[in-house]
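Here the structure is laid out as structure tokens; the discussion comes afterwards.
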Amino acid sequence: VIVPDTVNNIDDEAFDGCVNIENFSLGDVNKSELASIGMSAFRGVSKVETINLPNNVKTIGDNAFASGGDSVLKSFVISNESKLETIGKGAFSNNTNITSFNLPRGIKVLEDEVFKGCSSLSFVNIDMGTSHIESIGVSCFESTAISTINIPSTMKEIGAGAFKNC
């Protein structure tokens, strides 16, 4: 699946449950006009190993890339030039092969359960010098392998159970 650079939005459940997709491109990282990825847009797409997020995406919806635990997704690439501000509830939940994640400097909100059940996730990079992150939601990193995380001074709220069972 190749999403043309002219697509602005991928709506809710657009590719939900498409278990046979092995490769897809969200367009050129620098040229794509994609601004939002809807709820459950790619939930259950379990054979894709790497996803490169275009820089213009501002919102990743609830459960957008959530897995039933059978995903082979290892790498979700977000550049520091990304305009991403919000990652929705459970967006990457149960992706058990993701080991690290780079949060771009523009990110402001990590909703509830974003990485819950990502049992191999041991490192999250938050740019301490330029980060705008203000909120980590309830159970955001629950049942991950996070061993160290630096929380920037911009943080205003850390939800209940945010790092439970790490």
Side-chain angles (χ1 to χ4, degrees), residues 3 9-10 24-43 45 48-67 71-166:
V3 177
N9 299 300
I10 297 177
F24 73 82
S25 168
L26 295 176
D28 184 284
V29 172
N30 295 311
K31 295 178 183 175
S32 174
E33 295 175 21
L34 187 62
S36 69
I37 298 173
M39 294 188 318
S40 303
F42 294 96
R43 179 178 57 187
V45 174
V48 175
E49 289 189 20
T50 302
I51 298 170
N52 292 298
L53 188 73
N55 287 340
N56 283 327
V57 174
K58 290 184 179 180
T59 304
I60 295 175
D62 296 353
N63 300 307
F65 297 95
S67 169
S71 174
V72 297
L73 182 62
K74 294 178 184 173
S75 178
F76 194 88
V77 181
I78 305 174
S79 86
N80 275 331
E81 313 323 308
S82 173
K83 295 177 182 174
L84 187 64
E85 295 178 356
T86 302
I87 301 178
K89 180 178 179 179
F92 295 96
S93 62
N94 298 312
N95 277 286
T96 57
N97 290 304
I98 294 176
T99 58
S100 64
F101 203 92
N102 181 50
L103 294 174
R105 60 180 155 244
I107 195 82
K108 293 179 183 174
V109 178
L110 291 176
E111 297 285 353
D112 300 347
E113 303 175 359
V114 171
F115 297 104
K116 183 177 181 179
C118 294
S119 56
S120 297
L121 181 64
S122 60
F123 179 74
V124 175
N125 181 36
I126 300 174
D127 186 335
M128 296 298 287
T130 59
S131 176
H132 293 93
I133 192 165
E134 296 177 353
S135 175
I136 293 176
V138 172
S139 300
C140 187
F141 293 100
E142 182 177 339
S143 299
T144 62
I146 297 287
S147 57
T148 304
I149 189 165
N150 294 316
I151 299 173
S153 61
T154 56
M155 188 66 64
K156 295 181 179 172
E157 179 181 6
I158 298 174
F163 296 94
K164 183 178 179 180
N165 297 325
C166 284

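For clarity, every value in this text was computed on a predicted model and none was experimentally measured. Just the heavy atoms: all of them, side chains too, but no hydrogens, waters or symmetry mates, feed the values below.
- Judged as a salt bridge (Lys or Arg N to Asp or Glu O under 4.0 Å), the pairs with a partner in residues 76-103 (not counting sequence neighbours) are, in order, Glu81-Arg105.
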Dump the intermediate steps for side chain to side chain contact (heavy atoms under 4.5 Å, CB included) on Leu121 and Ile146, then the final yes or no.
CA-CA 6 Å; Leu121 181 64; Ile146 297 287; 4.2 Å; yes
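- Interatomic distance, CG of Leu84 versus NZ of Lys58, reported as 11.0 Å (0.5 Å rounding).
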Side chain to side chain contact (heavy atoms under 4.5 Å, CB included) evaluation trace for Lys108 with Thr86:
CA-CA 6 Å; Lys108 293 179 183 174; Thr86 302; 5.6 Å; no
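- Listed by first and then second residue, the side chain to side chain donor-acceptor pair (under 3.5 Å) pairs that reach into residues 110-126 are Asn102-Asn125, sequence neighbours excluded.
- Minimum interatomic distance between Gly90 and Ala66 (heavy atoms only, all atoms of both residues): O-CB, 3.5 Å.
- One finds the CG atom of Leu34 at 10.5 Å from the OG1 atom of Thr59 (value rounded to the nearest 0.5 Å).
- Among all heavy-atom pairs drawn from Ala64 and Ile60, the shortest one is CB-CG2, 3.6 Å.
- The line from SG of Cys140 to CG of Leu110 is 4.5 Å long, rounded to the nearest 0.5 Å.
- Shown here are the side-chain contact (heavy atoms from CB on, under 4.5 Å) partners of Val48, two or more places apart in sequence or in another chain: Ile21, Phe24, Val45, Ile51.
- Counting heavy atoms from C-beta outward, Phe101 and Ile87 have side chains that approach closer than 4.5 Å.
- Below 30°, between 30° and 60°, or above 60°: for Phe92 and Phe76 the angle between ring planes is above 60°, a perpendicular geometry.
- If you check the side chains of Asn94 and Ser67, you find no donor sitting under 3.5 Å from an acceptor.
- In this structure, the side chains of Ser82 and Asn55 come closer than 4.5 Å at one or more pairs of heavy atoms.
- In terms of heavy-atom proximity, Leu26 sits nearest to Pro54 at O-CG, 3.3 Å.
- Taken to the nearest 0.5 Å, the CG atom of Asn97 stands 8.0 Å off from the CG atom of Asn95.
- Listed by chain and residue number, Phe141 satisfy the ring-ring contact (aromatic ring centres under 6.0 Å, His included) test with Phe163 (two or more places apart in sequence, or in another chain).
- The stretch residues 128-149 participates, sequence neighbours left out, in these side chain to side chain donor-acceptor pair (under 3.5 Å) pairs: Asp127-Thr130, Ser139-Glu142.
- For Leu73 against Glu49, the heavy-atom pair with the smallest separation is CD1-O, 3.4 Å.
- Taking CG from Asn52 and OG from Ser75, the interatomic distance works out to 7.0 Å, rounded to the nearest 0.5 Å.
- Between Ile126 and Ile107, the closest side-chain pair of non-hydrogen atoms is not below 4.5 Å.
- Side-chain contact between Asn56 and Ser32 is absent, with no heavy-atom pair separated by less than 4.5 Å.
- Sorted pairs that involve residues 153-166 and meet side chain to side chain donor-acceptor pair (under 3.5 Å), not counting sequence neighbours, are lacking altogether.
- Among all heavy-atom pairs drawn from Thr96 and Gly117, the shortest one is CG2-O, 3.8 Å.
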